[in-house]
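Below: the structure, in structure tokens.
Residue numbers begin at 1 in each chain, while the letters A, B, ... track the order of the sequences. This one's a predicted model, so the numbers in the text were calculated from it and none came from an experiment.
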Amino acid sequence: MLWKIDTQSSQPLHEQLAGQVRRGIATQALVEGEKLPPAREIASGLGVNMHTVLRAFQTLRDEGLLEVRRGRGTSVAANAQPVTRHVELARSLVAEARRAGLEDREILKLVEVQL
Amino acid sequence: MKEKTSRTVLGLFIPVPVAAIGLVPYLAYRSDLPDRIASHFGFSGRADGSMAPEVFLAVFGGLMAVGLAGCVTVALIRRRLQPMVAPSVSSVGAFLGSISAGILAIGQRGLEQWQDATISPGTLVPWVGGSLIVAGLAAWVASSLPFDEGSKTEAPPAAMELAPGERVFWSATLSARWPLVLGLAILLVGLVLLLITELWIGLVMLGISILMSFFGRIRVTADQSGLVVRYGFLGWPRRSIPIRRIASVRAVDIRPTEWGGWGYRGSLAIMRRAAVVLRAGPGIRLDLRGGKVFAVTIDDPDDPVRLLNAEISRLATLETG
């Protein structure tokens, strides 16, 4: 897979990296169970700090898209493909609600009501 | 014209010296040699097998004749000469020639009988090592021949557009089953040999099966520092080609026959060409500065091709200011 970041963009690097993986999963450039290159290699390839890459991995793990196993590397989670869609929907919901002036507490409540 | 020179060298200037290396010592020493020629040595270093001179001549001469006939046939018949053919054929021929010549040189001159011939590490190392050097030399000479590589005037290399702050990294893996199947088979044979014959034969087989496993999986990465190939399941050993050594990159269809087979073929140092071939099909070809060529089989080679070409021109503009 091709990883691309823009160091002159205002978007934080770890978010750019997470976005790359999400897009990779959505377009099936990354398939379920596929191992990602080691964070150290991605970091040196892109000339960024390894913690930036690990932070992106952490976010993606929390979203249920990646499985991070100590000593065995990071791989794309099973059924990550359908989950990316939910993650994207949630992200756009949050972005739009914030733009409309809602507070985080209110956004949470909005979702809760639907459960 | 160029192609004709190559054919002459392949059909004449390689076979003749190789035949000389192999046969001249025999013809020159003939009267001084024992009745039979020691051709096999036991672990103690003493000769334990012999051949009648006629058989020796037939076996080694025959082997060489087959190799040389191969050279000549390729030179005369092959419509398009493949760049890897001459170095491979001539190095094998030179190795066989040198090894067989060496058997005579291992103190068989003036011996009363072949059983007196001995071999020791002191002669074995220069014998095999020298033959390898002769083979390497033959390959190096043959690889400097010009070859017609077909239409070279293609579209300018594809490169991606990169803004100054943009950084790119590409990674992909390619797996193959044949090295694992073959490696396992060799391992099993090695284990059996370990039990029934000498230890070292088993260890050599074990070593070969480990080497085979390196080609069961490769991971290739490309970024601003160049291209890296990591072999095997541990990602070791690895081979890197720094971006400064690369002149241009393109996607190619790799046919194992054009690159000398499967596995790691050729040598950048000796044959000026090397390829990592896991299967037939798409791959990436790096034309290095100074005319050397390195190729790797990989799926969807467009991204790494465009990435590396972009980084090459970025480096060039950086250096010219």
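Contacts between B/Thr221 and chain A at a heavy-atom distance below 4.5 Å involve the side chain alone, from C-beta outward. Contact of B/Arg230 with chain A is made through the side chain alone, with heavy-atom distances under 4.5 Å.
Heavy-atom neighbours of A/Arg55 CZ from other residues, nucleotides or ligands within 6.0 Å: at or below the threshold of 12. When the shell of 6.0 Å around CD of A/Glu88 is examined, it contains more than 12 heavy atoms from other residues, nucleotides or ligands. Enclosure of atom NE2 in A/His51 is not indicated, since only 12 or fewer non-hydrogen atoms of other residues, nucleotides or ligands lie within 6.0 angstrom.
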Cut-off 3.5 Å, no hydrogens considered: what does the side-chain donor-acceptor table look like for residues 67-80 of chain A, sequence neighbours left out?
unit_1: A/Glu67; atom_1: OE1; unit_2: A/Arg69; atom_2: NH2; d: 3.0

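Heavy atoms only, all atoms of each residue included: B/Pro164 and A/Gln8 are closest at CB-NE2, 4.3 Å.
The CG atom of B/Leu162 sits 10.0 Å away from the CG atom of A/Asp6 when rounded to the nearest 0.5 Å. In this structure, A/Lys4 NZ and B/Arg167 CZ are separated by 13.5 Å, a value rounded to the nearest 0.5 Å.
Among residues 11-41 of chain A, the residues having any heavy atom closer than 4.5 Å to a heavy atom of chain B are, in sequence order, A/Pro37, A/Pro38, A/Glu41.
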Side chain to side chain contact (heavy atoms under 4.5 Å, CB included) between A/Leu2 and B/Leu307, worked out: CA-CA 9 Å; A/Leu2 188 73; B/Leu307 185 159; 3.6 Å; yes
